[in-house]
> 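This structure is in structure tokens; I'll ask about it shortly.
Worth knowing before you read on, the calculation uses all heavy atoms, side chains too, and leaves out hydrogens, waters and symmetry mates. Below, chain A is the first sequence line, B the second, and so on; all start at residue 1.
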Protein chains: 2
Amino acid sequence: MYAVKAMPRPRSLTPARLADAALAVLDRDGLAGLTMRAVGAQLGTSTMGLYRYVADRDELEALVVERVLDRVDTRPPLDVPWPDGVRELAGRVRHAVGAHPAVVPLLPAHRHRSPAILRWGEAVLAVLTRAGFTGTGRVVAFRALLGYVVGAIQMEHLGALAGPGTAAIAALPRDEFPLLAETARDAGAVGPEDEFGGGLDLLLDGLARRLDT
Amino acid sequence: MYAVKAMPRPRSLTPARLADAALAVLDRDGLAGLTMRAVGAQLGTSTMGLYRYVADRDELEALVVERVLDRVDTRPPLDVPWPDGVRELAGRVRHAVGAHPAVVPLLPAHRHRSPAILRWGEAVLAVLTRAGFTGTGRVVAFRALLGYVVGAIQMEHLGALAGPGTAAIAALPRDEFPLLAETARDAGAVGPEDEFGGGLDLLLDGLARRLDT
DNA sequence: GTTGTAGGAGTACGTAGTACGCCTACAACG
DNA sequence: CGTTGTAGGCGTACTACGTACTCCTACAAC
């Protein structure tokens with residue numbers, strides 16, 4: 001029947017351990033430091049040994065992204081008003097990513113293939129559906145939320161008004177960019193949490209208005 | 001006084017020509033094809049010659065981004081209702097980037113340093129200010145718009161619901177991601193233009209509500 | 001023990017970015 | 001019109017990356 005001649009040697013690593021090692025390297029040395037050699041060293045194994053577990057560097061990056069994202073609780077909060085549910089889900093992603101800022105540049109490229117993000121999307125849709133969104137309205141709502149969350153998280157960690165970028169903008173030639181300079185100064189009074197939440201609330205208000213009519 | 005002993009040889013390239021060459025390579029061969037050697041070849045000059053004009057590859061990328069973005073008209077449309085002004089400005093950026101999709105992955109990293117984006121931001125703020133936004137409310141409004149535009153453009157070109165990603169998601173196991181599958185199917189009826197505009201309208205509605213109260 | 005499979009390590013190749021040094025073209029001066 | 005100083009242009013070469021390939025070895029079933 002089945003020629004069960006021999007069982008191969010058991011695997012000594014797990015994808016999870018690999019992802020943890022890569023994430024440790026990423027947190028320590030940043031994106032530029034995330035090389036196959038560095039991850040191999042982190043695991044105490046050879047560089048090429050990694051290729052027993054991932055096809056290429058791209059797949060390793062995907063593992064890291066997934067490792068960060070699958071810590072978000074993707075159970076849809078259906079026991080609260082729907083705007084609070086969306087806020088909660090968005091906040092969970094923001095929080096998980098905030099713990100590992102160096103993965104931010106990797107997110108856009110690996111978002112599609114991440115099961116964790118798919119589960120998250122399913123949860124968002126559950127909340128939206130429960131709220132009464134259907135059809136194309138739900139498509140637009142979902143896309144808008146996803147776009148905002150992705151964009152806002154990037155803004156936060158690559159610094160435009162928040163973070164180091166603020167100072168740079170505040171120092172702009174005031175005669176050429178008077179409003180930017182003024183806004184950058186005002187931004188000092190708004191924490192990153194409030195910026196993220198404030199923008200999200202704008203979207204949620206817009207969505208609520210769609211439900212009323 | 002000034003020992004004006006000798007005038008150096010005049011430059012044979014301009015940053016603009018360099019940027020055009022790099023953009024041509026980017027459009028033709030994609031981001032992975034954008035190498036110093038390829039751009040040198042495109043210009044008919046040597047690889048190292050580029051370093052007379054840029055400090056490193058990063059700066060060359062910044063030139064490309066700037067080349068794409070400085071085609072957007074950044075005069076604030078103040079002669080229309082403010083939501084239309086914002087829509088116009090957002091659409092201009094989306095349109096400019098859409099002409100060179102390969103620059104999308106470069107945008108987040110180079111956004112801070114781009115004079116064109118700063119001018120654009122100044123225009124957005126002019127519209128918002130004219131509409132009546134001030135202080136922290138204006139900060140949040142601006143950040144939200146910027147975040148949405150950046151995020152939505154990336155979603156559009158890296159494909160989540162729109163583009164090739166849609167098919168992938170529509171083919172998901174329906175029992176595990178029923179709502180995502182359904183939404184992906186619904187998304188077929190919504191063009192990218194409508195998705196972008198629809199989400200933006202949600203934000204604008206939310207903003208309008210802030211002005212009423 | 002024997003055997004088949006797959007793991008692990010090391011070597012080596014192609015290509016990227018870029019430091020460095022030589023030669024040369026040009027503008028200002030005599 | 002020759003001289004001269006500066007910077008441009010080019011080529012070479014170094015380093016680090018991703019990764020293909022080849023050996024050797026550890027293990028589970030017989």
Side-chain angles (χ1 to χ4, degrees), chain A residues 1-26 28-65 102-103 105-106 109-110, chain B residues 1-26 28-65 102-103 105-106 109-110:
Chain A
M1 269 301 200
Y2 300 91
V4 186
K5 289 270 187 159
M7 278 274 291
R9 179 178 177 171
R11 316 206 104 197
S12 55
L13 257 58
T14 63
R17 277 206 356 112
L18 214 170
D20 281 338
L23 188 54
V25 172
L26 188 64
R28 175 162 30 87
D29 302 328
L31 185 56
L34 184 68
T35 68
M36 303 303 273
R37 288 170 225 267
V39 175
Q42 174 78 21
L43 282 167
T45 179
S46 76
T47 304
M48 293 311 294
L50 304 180
Y51 287 88
R52 295 274 171 196
Y53 298 88
V54 293
D56 51 23
R57 185 208 153 100
D58 196 65
E59 204 170 303
L60 185 134
E61 288 181 356
L63 271 182
V64 175
V65 170
V103 300
L106 297 178
H110 296 280
Chain B
M1 268 305 201
Y2 301 91
V4 186
K5 288 270 185 158
M7 276 278 288
R9 180 178 177 174
R11 316 206 104 197
S12 55
L13 257 57
T14 64
R17 279 210 348 116
L18 215 170
D20 281 338
L23 188 53
V25 171
L26 188 64
R28 173 160 33 86
D29 302 328
L31 185 56
L34 184 69
T35 68
M36 302 303 274
R37 288 171 227 268
V39 175
Q42 174 77 22
L43 282 167
T45 178
S46 77
T47 305
M48 294 311 294
L50 304 180
Y51 286 89
R52 295 274 171 195
Y53 299 87
V54 293
D56 51 23
R57 184 207 154 100
D58 196 65
E59 204 171 303
L60 185 132
E61 289 181 357
L63 272 181
V64 175
V65 169
V103 301
L106 297 178
H110 295 280

> Considering every strand shown, what is the Watson-Crick or G-U wobble mate of C/dA28 when both distances are under 3.5 Å?
D/dT3
> For the pair made of OH in A/Y51 and P in D/dA20, what is the distance, rounded to whole Å?
7 Å
> Closer to the 5' end of DNA chain C via nearest nucleotide, is it A/R37 or A/T45?
A/T45
> Keeping B/Y53 on the side-chain end and B/L13 on the backbone end, is there a donor-acceptor pair under 3.5 Å?
yes
> Does any non-hydrogen side-chain atom of B/M36 lie less than 4.5 Å from one of B/M48?
no
> Looking at A/V39, A/V103, A/L34, which one forms a side chain to side chain contact (heavy atoms under 4.5 Å, CB included) with A/L23?
A/V103
> I need the CG-C1' distance between B/D56 and C/dC20, as an integer number of Å.
17 Å
> Heavy atoms only: give me the nearest A/T35-A/R57 pair and the separation to one decimal.
CA-NH1, 4.3 Å
> Rounding to an integer number of Å, can you tell me how far B/Y53 OH sits from D/dA7 P?
13 Å
> Please determine, for the side chain of B/M36, which listed nucleotide (D/dT19, C/dG7, C/dT18) has the closest atom?
C/dT18
> Just checking A/R52: base, sugar-phosphate only, or nothing, at a heavy-atom cut-off of under 4.0 Å?
base
> Which nucleotide, in any strand shown, forms a Watson-Crick or G-U wobble pair with D/dC30, with both distances under 3.5 Å?
C/dG1
> Nearest whole Å is fine: how far is D/dG11 P from B/L50 CG?
13 Å
> Nearest whole angstrom, please: distance from the P of C/dT11 to the CE of A/M48.
13 Å
> A/L60 has an atom CG; how far is it from atom C1' of D/dG18, in whole Å?
12 Å
> Taking the minimum atom-to-atom distance to the side chain of A/T35, which one of D/dG18, C/dT11, D/dT12 wins?
D/dG18
> Would you name the heavy atoms of B/V64 and B/A19 that are closest together and state the gap between them?
CG2-O, 4.5 Å
> Could you tell me how far apart A/D58 (CG) and D/dT19 (P) are, to the nearest whole angstrom?
9 Å
> Rounded to whole Å, how long is the line connecting atom CZ of A/R57 with atom P of C/dT15?
19 Å
